[in-house]
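Counting starts at 1 for both ligands and their atoms, in listed order.
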Amino acid sequence: MANRRFCVGGNWKMNGDQKSIAEICKVLSDAALDANTEVVIGCPAIYLMYARNLLPCNIGVAGQNAYKVAKGAFTGEISPAMLKDIGAEWVILGHSERRAIFKETDELIAEKAEHALAEGLKIIACIGETLEEREAGKTNDVVARQMCAYAKKIRDWTNVVVAYEPVWAIGTGKTATPEQAQEVHAYLRKWLEENVSKEVSASLRIQYGGSVTGANAKELAKKPDIDGFLVGGASLKPEFVDIINARK
Ligand code: PEP
C-alpha cells in the first residue's frame, strides 16, 4: 500500500441544525477513531464555527464552497479568508451539485481552487462523470478534462485531495464497485504522471465518493489507489465512524 495517509471527508451538504449537529459531533468526539486516518467535516457555512467548537481538534472542518477572491461586493458568497478566520482549514470545491445545480464551470472551480490554495486552505477538489457520460464510454475523457482545468491553475499539489465522485453514485444508493472505482483512480494516477509529475501521481490522495456506507467502505478501502472517501448521507449518521475506521 502506498504511503498516503487515508483521508475521510464528511459532506453534510445543506443538512442539520444545532441539535443534530451537536449529536453527530458528540458521536465523533466519543468514538475511537483510527489515528492513521485524517478526518474532515464539510459543514454548512453558518454552522462551521459551531461545529469547530464541538469537534476535537484532530478533526478538521471544511467549507463546502468558497468564492475566488478574498472580499468585496459578492452578495451571498464567502471567501477562503473568512473560512480560515473562523478556524476552517479546508474547503470542498467542484462538488457535482455545485456543477449541476449552480452551473459552476471547470474554469470557475479551478480559479476557486487556485485562490483557496493561495490563501492557505487545503482543498478537496471534486470530479466525476454522469451516468450518460459513463454509458457513452466517456468516463476517462470527462475526468481528464476536469483534472486538466485544475492542473492549469494548481502549481503545488501538497494541499490538494482529489475526490472522484461518479455523479450516478452520489445520493443514489448505487455505489461504484471497488473494481469500477479502482479503475478510474488508477487512470487518474496515470493521468497525473503524464500531465503533472511522477511525484504528484504517487503522493496525491484520491478519495472515492458516492453512496459509501459502513457496509461497503472496507472493501473499497482495500483498493490500492483509493486513499479515502468523501461521504454525504452516511456522514450524518453514527456509521460514519465505521467509514473512518475502514482501514483499521
Ligand atoms: C457527496 O455528497 O459527496 C456524496 C458522495 O454523497 P453520498 O455519500 O450521499 O452519495
Fill in: Donor on one side chain, acceptor on other, W157 and E199, under 3.5 Å
no
Worksheet item: Numbering the atoms of ligand 1 from 1, which are under 4.0 Å from a heavy atom of G233?
Response: 7 (P), 8 (O), 9 (O)
Worksheet item: Parallel under 30°, tilted from 30 to 60°, perpendicular over 60°: which one fits the rings of F6 and F229?
Response: perpendicular
Worksheet item: If you measure only the distance, is there a donor-acceptor pair under 3.5 Å linking the side chains of N36 and K248?
Response: no
Worksheet item: Under a 4.0 Å heavy-atom limit, does A169 contact ligand 1 with its side chain, its backbone, both, or neither?
Response: backbone
Worksheet item: Near G171, which atoms of ligand 1 are under 4.0 Å from a heavy atom of that residue?
Response: 7 (P), 9 (O), 10 (O)
Worksheet item: Can you tell me the protein heavy atom closest to atom 4 (C) of ligand 1 and the distance?
Response: G232 N, 3.5 Å
Practice prompt. Indicate yes or no: does an N/O atom of V231 lie under 3.5 Å from an N/O atom of ligand 1?
Written response: no
Worksheet item: Below 3.5 angstrom, do we get any N/O pair linking N11 and ligand 1?
Response: yes
Fill in: L28 vs L55 side-chain heavy atoms within contact, under 4.5 Å
yes
Practice prompt. List every atom of ligand 1 that sits less than 4.0 Å from any heavy atom of G210, numbering the atoms from 1 in the order shown and giving each element.
Written response: 5 (C), 10 (O)
Discussion item. Show, in sequence, the C-alpha distance, side-chain angles and deciding distance for E219 and K222, and conclude whether the salt bridge (Lys or Arg N to Asp or Glu O under 4.0 Å) test is met.
Written reply: CA-CA 5 Å; E219 284 307 307; K222 284 184 189 156; 2.7 Å; yes
Worksheet item: Does ligand 1 have a heavy atom under 4.0 Å from the side chain of I170, from its backbone, from both, or from neither?
Response: both
Worksheet entry | Nearest non-hydrogen protein atom, atom 1 (C) of ligand 1 | H95 NE2, 3.2 Å
Discussion item. Regarding S20 and E23, do their side chains bring together a donor and an acceptor under 3.5 Å, going by distance alone?
Written reply: no
Fill in: Member of R4, R247, H185, R5 meeting the side chain to side chain donor-acceptor pair (under 3.5 Å) criterion with D227
R4
Worksheet entry | Backbone or side-chain N or O of E165 under 3.5 Å from ligand 1 N or O | yes
